[in-house]
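Everything below concerns the one structure shown next.
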Amino acid sequence: MMLGAIEAGGTKFVLAAGTSPDVITARQTIPTRDPATTLAQAAAWFAGQGQFTAIGIGSFGPIELDRRSSRWGFITNTPKPGWADCDIAGYFRARLGVPVGFDTDVNAAALAEYAAAQGEGCSSLAYLTIGTGIGGGLVLGGKPVHGAAHPEMGHIYPRRHPLDRDFAGVCPHHGDCLEGLASGPAIMTRWGASLSEFPQEHPSHAIIADYIAQACHTLFAAVAAERIVIGGGVAKTGGLVERIRARTAELGANYLPGSACHHIRTPHHGDNAGIIGAMTLANAALSSQAL
Ligand code: ZN
């Protein structure tokens, strides 16, 4: 059996091949250009790896996940030039002639982290990425959550921090949503540097931690998640996850039931959570129990 995986991002595609989600034997990274160029380059790499059994794709979004829709497997109304209405799953199904598993990049990462947490009996896990954008995936009882499309946790509205009343936010749709206030571009626009460039006493650290902590509190309160895994470039800032953990506990105020089971972690798989999750999607595409 050979599984293929794609972590389709806005700036790069990570490609992988392996015999199971835990065993990646080859990988490649290519820049994200226009769809025709990028998808052809990815397909050519897979063709050079041998015969595949299934492919899994964890993609940037928004994407269509409704299996009753003729547009299942499409990247839909993304503002990324050229990529709107791109039938990414159909492309690889046609080119490689294999079943395709498909979900958001963050649901894929959540699946990988969920699998890693099984030894500890975790049955509900959210994955948040804090980077160029903010996105979140959610796995409950082993399945990634799909409802009306997929979660868009980056676009919830946090309460404004008292020291951050005036910044309008950078989200082109909402202004001061979570992504508009706490993503890498929001930090750069507001303070002219990335978070890791500021000393720990600079207010930026507490402000960003507060916004992410509000998202964590919301996840604990709204879906009773047991574990939140925080990845992405901004999350690598020294001390940030510890601040988020402490601030989330403050916001919870010892009220939420089960709060002793609430855990905020960095990714078990580090930067590989997304591609390992895409391998999991490939594996699931082979079984009748589609995710
Ligand atoms: Zn937004």
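Each residue takes its place number in the sequence, starting with 1. Keep in mind the model is a prediction, meaning the values are calculated, not measured. Just follow the structure's listing: the first ligand is 1, and inside any ligand the first atom is 1.
The closest approach of H174 to the Zn ion (ligand 1), by N/O/S atoms, is made by ND1. The Zn ion (ligand 1) lies closest to atom ND1 when only the N/O/S atoms of H155 are considered.
The nearest N, O or S atom of H173 is not closer to the Zn ion (ligand 1) than 2.8 Å.
Classification of E120 and R265 as a salt-bridged pair holds, one side-chain N sitting under 4.0 Å from a carboxylate O. Ion pair K236/D271 flagged as a salt bridge, since at least one NZ, NE, NH1 or NH2 atom sits closer than 4.0 Å to an Asp/Glu carboxylate oxygen.
Under the 3.5 Å distance criterion, with hydrogens and angles disregarded, a donor-acceptor pair is assigned to the side chains of T37 and D34.
Classified by interplanar angle (parallel below 30°, tilted 30° to 60°, perpendicular above 60°), the ring pair F92/F46 is perpendicular.
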